[in-house]
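Heads up: the structure comes next, in structure tokens.
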Amino acid sequence: MAAERAAILRLEGLEKRFGGVVAADRLSLSLRAGEVLGVVGPNGAGKSTLFNLICGSIPADAGSVLLEGRDISRLAAHRRARLGISRTWQHVRLFPSLSVLDNLVMSGQSYPGESLLAALFRPPALRRAMAQMTRAAEAALEAVGMSHRAGHRVAELSYGQQKLVGLARALMNEGPVLLLDEPLAGVDPRNQITMRAIIDREAARGRAVCVIEHNIGVLRELAARMVFMFAGRAEAEGPPAAILGDPRLRRIYFGGTA
Amino acid sequence: MGNAPRITRRTLGGLALGAAALAAPARLARAQQPPLRFGVLLPMTGRAAFFGNDQIAATSWALERINAAGGVAGRRLEMVTIDSQADPQTGINGATRLATVDRVPLFFVSWSAVVNAVAPVANRERVLQISSGATAPGIARLGEYVFTMYPLADVEGIAAATWHVRSMNRRRAGVLYINNESGIDGARVYRDAFQAAGGQVVAYEAYDPRATDFTGVLLRLRTANPDILWIQGDVPEIPALVSQARRLGLNQTVATTSIGQNNRVLEQLGPAAEGLLVTSLAPGPQDRPAVGAYIEEWRRRESRQPNGLPFTQYFYDAAFVAASLFGWTLQRNLPPSGENMRRALVEHGPFDLPLTGELRIDVAEGRHTVRKPVYVLQVRDGAFRPHATIGV
Amino acid sequence: MEYVLTILALIVLWTILSASFNLVIGFAGLLIVAQPLFYGIGAYATAAAAMFLGVPVPLAPLLGILAALLASIVLSVPCVRVSGDYLLIASIGFLLAGLQVIRNTESIGGAGGLAHIPALFEGPNRTLWFLLVSGAFAAATLWLVRWLVSGDFGRAVVAMRDDEEALAGLGRDVLRIKVFLVAVSAGCAGLAGGLYALHFQFVSPDQFELLHAAMMLACVIVGGIGSTLGPPVGAAIVIALPQLITMLEMPPAVMAAIQGMLFTGLVIAFLFLRPQGLFGSAAAVGGSRVEAK
């Protein structure tokens, strides 16, 4: 594979079983800087498991995850996030007890939250970092058009608005990898436009973006390359037209969802 | 349960204003001489209540007898009972109340943990504390105001071991003990006393408090071939231990502590119990006729035997100790304060008590102990029969 | 009045205990019930420091705090990865094992307990002084808990209880937050234990049983789980109620039934009739999880 740009994230032979179910079967993939990779496949194909394996919320049985050449397979989820793997979840998973703005701040990479001593003494450097992070959070909300909701509780937001906040929260982490799990599902057409613009912009800024999406029509416009997953395997990989034109994959996809 | 023991504690105000009511207790009319009152701190609820309530009953019957005979110098003798739940903290709260709210000059208490826990209260508030049923050796050194009328753990073990060597001519003891505080301490006392008397301890084996099969330790004991077996254990496992020992061919004399003097042992062992030696720290009906009458009183009033007969004997006699101490101070025109109660106890000399016999309090260099004869009972024809009395 | 002061002193110590227990069980949502052991370790370490190590009595509780803190780390580092029921079981096991060690350690009195502990205050007003000092510590504990759950750290704690996995996915070290919380909570319990030992001058393993975790739970639930002002009220009720009940003249059989069911009864009654406790409003910090439909 002659990649014109460097592969930022490489997966090599990832395997994961849940009891007898194979969720990841010798998965090997690479994600390059500045590209949007689309992941498609029927429900239960292992798309979300793929994200969980990359970000470390579930450990792989075998195989490795390499970030910019470094093996991060043994690192805990929070360490991987700090190295720059940022993600959203299919069901958003905002913190309902926090305000919208605080949801974003929680994702700021210099947040001192878990360090009791730092939080206890709040050195000036930390106070500056907090102020800067709050500004970054406000800017991220602005970017998704949700500034007017900053002080609200999550429960007061519509599902589509929550998805936008989820994306903004992921953007607080300015690392090289952005994993988006069904970002457009449940979002109204006007906000879908905002979202697509953000995805394009992030890729243009050099991030490696990986998008799981059922909305094939939108995805073929966003992604230059697609992976088709089935039964934990990457069945096929290539330009959207080739993947979506393959009659065998179409049969699996539409047969699988029936 | 039968009649609740009479509780003479003041009735206090309602729940909500309890604390406030405490500060202003309703005083009885002072038409006659106020009664003399002492405290009793025992478990009335909780896991040890079936012992505590019988002990309170015993004390209350003794009070009936004392008051029927005119009380102490014409004044009624009464007790204030407080529930310790056999719990150290509940005991501390209770002792504090006895000392500072009810203002009794002396109280009786049982359960080693409670006796230990409340000792600082007694010493601080200068209230005489008499332990009437706890055996932990440390009780001897709990401070100026803390005494015991019940013999501590070492009395029984020393008496038994010495008697086994000197009177039974045993030379090779096998010691089997439960691996907890009382087992470890008791076994050590027995071993040291057996050796001091000239015998040899040929086996010294511990077993787990939850064990039900003792084959391993018993086989090691058989190999050592002792001529007497001393069990420092607890009620539940003694029958199993003895029957397994017999089945493994250990036919030596088996002896154990007052714990073994329990009807469960007889019922569960049946004929295998024959010959078993147990010690007892209180005289039985054969030793003192009054004890027979006392057991008869239980049958009449409650249609049963008391739980922990020897302990109830001590609590029955506690009322007589209190009467003697109050009598001693009144005779000398001293106010019945805690200090004077202590003085009375130290200077009184031996007490002659109806159910436990002579009581001599030893006060030597900060050690408060009591010497009592140890009674040896043997199982014959399915019952515990008096066998010997080991003097002090 | 010595008796009332003694009960008040206990209420104050139990305020520290239940506030710190609430931090772990109420705010962090961790089912760790080894709090009585941390209390006990604090008491024993303080007593041992003053009696055997020659540490000045007023400083001895520092060793109690430290010992309880270290013990909590021994439990939490390997155990907080698991959650829910497993954590409950692991912490019960830890409590029982710890008590077993104390029971079998002859040098600190074994199963019989440790007597002759020196007192923090002597003299006629000792309980009053003790009440003032431990009251100040209780107020500090309440402030600490309130502060912990409201600042930067507190937001992370709240987020952790909402969605632990998402929080880790955002880069927050959830394990560290948990270990910190358990350590702070254990340290407070250790302080309460140290104060206890230096006032009541006797400690035994019986005082730190699993039963006492049930009493602490009753304090937390009566006061309001996850509320910052609930613990003193819960502690006052749980400590004073049994005392008030004993003042009613009742036959032992009735008394036994009442005392035996008191804590369980309180917990069940509150869970059914007022689950938020006396002070926990549903809108308390982090309470929206219950509220959000």
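Owing to the predicted nature of the structure, the values given are computational and were not obtained by experimental measurement. Throughout, a chain's letter reflects where its sequence line sits, starting with A, and its residues are numbered from 1.
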Checklist entry - So, do C:Thr127 and B:Thr96 sit near enough that their side-chain heavy atoms are less than 4.5 Å apart? => result no
Next on the checklist: Atom CZ of residue position C:Phe270 - does it have more than 12 heavy atoms of other residues, nucleotides or ligands inside 6.0 Å?
Outcome noted: yes
Next on the checklist: How close do B:Pro88 and C:Phe202 get, counting heavy atoms only, and between which atoms?
Outcome noted: CB-CE2, 4.5 Å
Checklist entry - In Å and rounded to the nearest 0.5 Å, what is the CD1 to CD distance from B:Ile92 to C:Gln201? => result 9.5 Å
Checklist entry - Got a donor-acceptor contact below 3.5 angstrom from the C:His116 side chain to the B:Arg141 backbone? => result yes
Checklist outcome for this item: chain B shares the most heavy-atom pairs under 4.5 Å, among C:Pro124, C:Ala240, C:Ala257, C:Gly112, with C:Gly112
Checklist outcome for this item: So, the part of B:Asn116 with a heavy atom under 4.5 Å from chain C: the answer is both
Checklist entry - What's the verdict on side-chain contact (heavy atoms from CB on, under 4.5 Å) for B:Gln89 and C:Tyr196, showing C-alpha distance, side-chain angles and the deciding distance? => result CA-CA 11 Å; B:Gln89 186 57 53; C:Tyr196 180 90; 2.2 Å; yes
Checklist outcome for this item: When the 4.5 angstrom heavy-atom criterion is applied to C:Arg126 and chain B, the contacting part is side chain
Next on the checklist: More than 12 heavy atoms of other residues, nucleotides or ligands under 6.0 Å from CZ of C:Phe272: yes or no?
Outcome noted: no
Checklist outcome for this item: Honestly, the part of B:Ala136 sitting under 4.5 Å from a heavy atom of chain C is neither
Checklist entry - So, B:Arg97 versus C:Thr246: side-chain donor-acceptor pair below 3.5 Å or not? => result yes
Next on the checklist: Less than 4.5 Å to any heavy atom of chain B: does that hold for the side chain of C:Ile258, its backbone, both, or neither?
Outcome noted: neither
Item to check | C:His199 portion near chain B, given a 4.5 angstrom heavy-atom threshold | outcome: backbone
Next on the checklist: Out of C:Leu114, C:Asn104, C:Leu10, C:Ile117, return the one with the most heavy atom pairs under 4.5 angstrom to chain B.
Outcome noted: C:Leu10
Next on the checklist: Between B:Ala113 and chain C, with a heavy-atom cut-off of 4.5 Å, which part of the residue counts as in contact: side chain, backbone, both or neither?
Outcome noted: both
Checklist entry - Could you walk me through whether C:Val4 and B:Thr100 pass the side-chain contact (heavy atoms from CB on, under 4.5 Å) check? => result CA-CA 10 Å; C:Val4 173; B:Thr100 65; over 6 Å; no
Checklist entry - Of the backbone (N, CA, C, O) and the side chain (C-beta and beyond), which part of C:Glu122 lies under 4.5 Å from a heavy atom of chain B, both, or neither? => result neither
Next on the checklist: Nearest 0.5 angstrom please: B:Asp87 CG to C:Glu209 CD, how far?
Outcome noted: 10.0 Å
